[in-house]
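Input: a single structure, listed below in structure tokens.
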Amino acid sequence: MRKLLSATAVALVMVAAGPSLAQQSAAIANPANAYREVKDDNVMVPSLKRTVGQLDDMDVLGPDGTKIGEVEEVLMDASGQPVAIVVDVEHGVGIGDKEVIVGLDQLRDDGRTLTTALTNAQLGTLPIWDD
């Protein structure tokens, strides 16, 4: 009986703490707070096989081939690894004039431009880069 009461008490604490734990996780996962700009143009971005300098101002196209913006910054995580870019989104995309953070895993390099499968609606939900 004591074990059952203890297990029930633990379960109640976990249920009550659930929302605050979720908020904590969301705050930690916020890339706008976790990333820093890569300042060295010679740093290689392995997944795109280009340097930071080569990516600067490169066009970013949406899934239909229209330009959604261009690369403003390359961002690194706490370990110093490039993990995302900042895209200066053009007015015509429909999400307003903002700079959003796009993970490198969302990009493909076709040799001339970067392409993403993200829709305009998805771009509108991405974290904003506010340097």
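Sequence positions, counted from 1, serve as the residue numbers for this chain. The structure presented is a predicted model; accordingly, all values stated were derived computationally and were not measured.
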Reported [atom1]-to-[atom2] distance for the pair [X] and [Y], which is rounded to 0.5 angstrom:
| X | Y | atom1 | atom2 | result |
| --- | --- | --- | --- | --- |
| I85 | D88 | CD1 | CG | 11.0 Å |
| M58 | L55 | CE | CG | 6.5 Å |
| Q106 | T116 | CD | OG1 | 5.5 Å |
| T51 | M44 | OG1 | CE | 6.0 Å |
| Q81 | S47 | CD | OG | 10.5 Å |
| I101 | E72 | CD1 | CD | 13.0 Å |

**Q.** salt bridge (Lys or Arg N to Asp or Glu O under 4.0 Å) against D59, all qualifying residues, sequence neighbours excluded
**A.**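 If we apply the salt bridge (Lys or Arg N to Asp or Glu O under 4.0 Å) test to D59, skipping adjacent residues, the hits are K67.
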Q | 4.5 Å side-chain heavy-atom contact, V100 and V86 | A |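 V100 vs V86: side chains apart.
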Q. Would a 4.5 Å heavy-atom cut-off, applied to side chains only, mark L75 and V38 as touching?
A.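 They are not in side-chain contact.
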If you take all heavy atoms of [X] and [Y], which pair is closest and at what distance?
| X | Y | value |
| --- | --- | --- |
| G111 | D109 | N-OD1, 2.7 Å |
| I68 | G62 | CG2-N, 3.8 Å |
| P82 | V74 | CB-CG1, 4.1 Å |
| E73 | W129 | CG-NE1, 4.2 Å |
| M76 | V83 | C-CG2, 4.1 Å |
| P63 | A117 | CG-O, 3.7 Å |

Q.
According to a hydrophobic-cluster definition based on side-chain heavy atoms being under 4.5 Å apart (Ile, Leu, Val, Met, Phe, Trp, Tyr only), do L48 and L61 belong together?
A.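 The answer is no; the residues belong to distinct hydrophobic clusters.
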Q.
Please check: side-chain N/O of N120 versus main-chain N/O of L123, any donor-acceptor pairing under 3.5 Å?
A.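 Not at all, since once roles are kept as given, no pair shorter than 3.5 Å links the two residues.
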Q: Report the C-alpha separation of V102 and L118 in whole Å, then their side-chain angles, then the decisive distance to 0.1 Å, and conclude whether the side chain to side chain contact (heavy atoms under 4.5 Å, CB included) test is met.
A: CA-CA 9 Å; V102 178; L118 297 171; 4.1 Å; yes
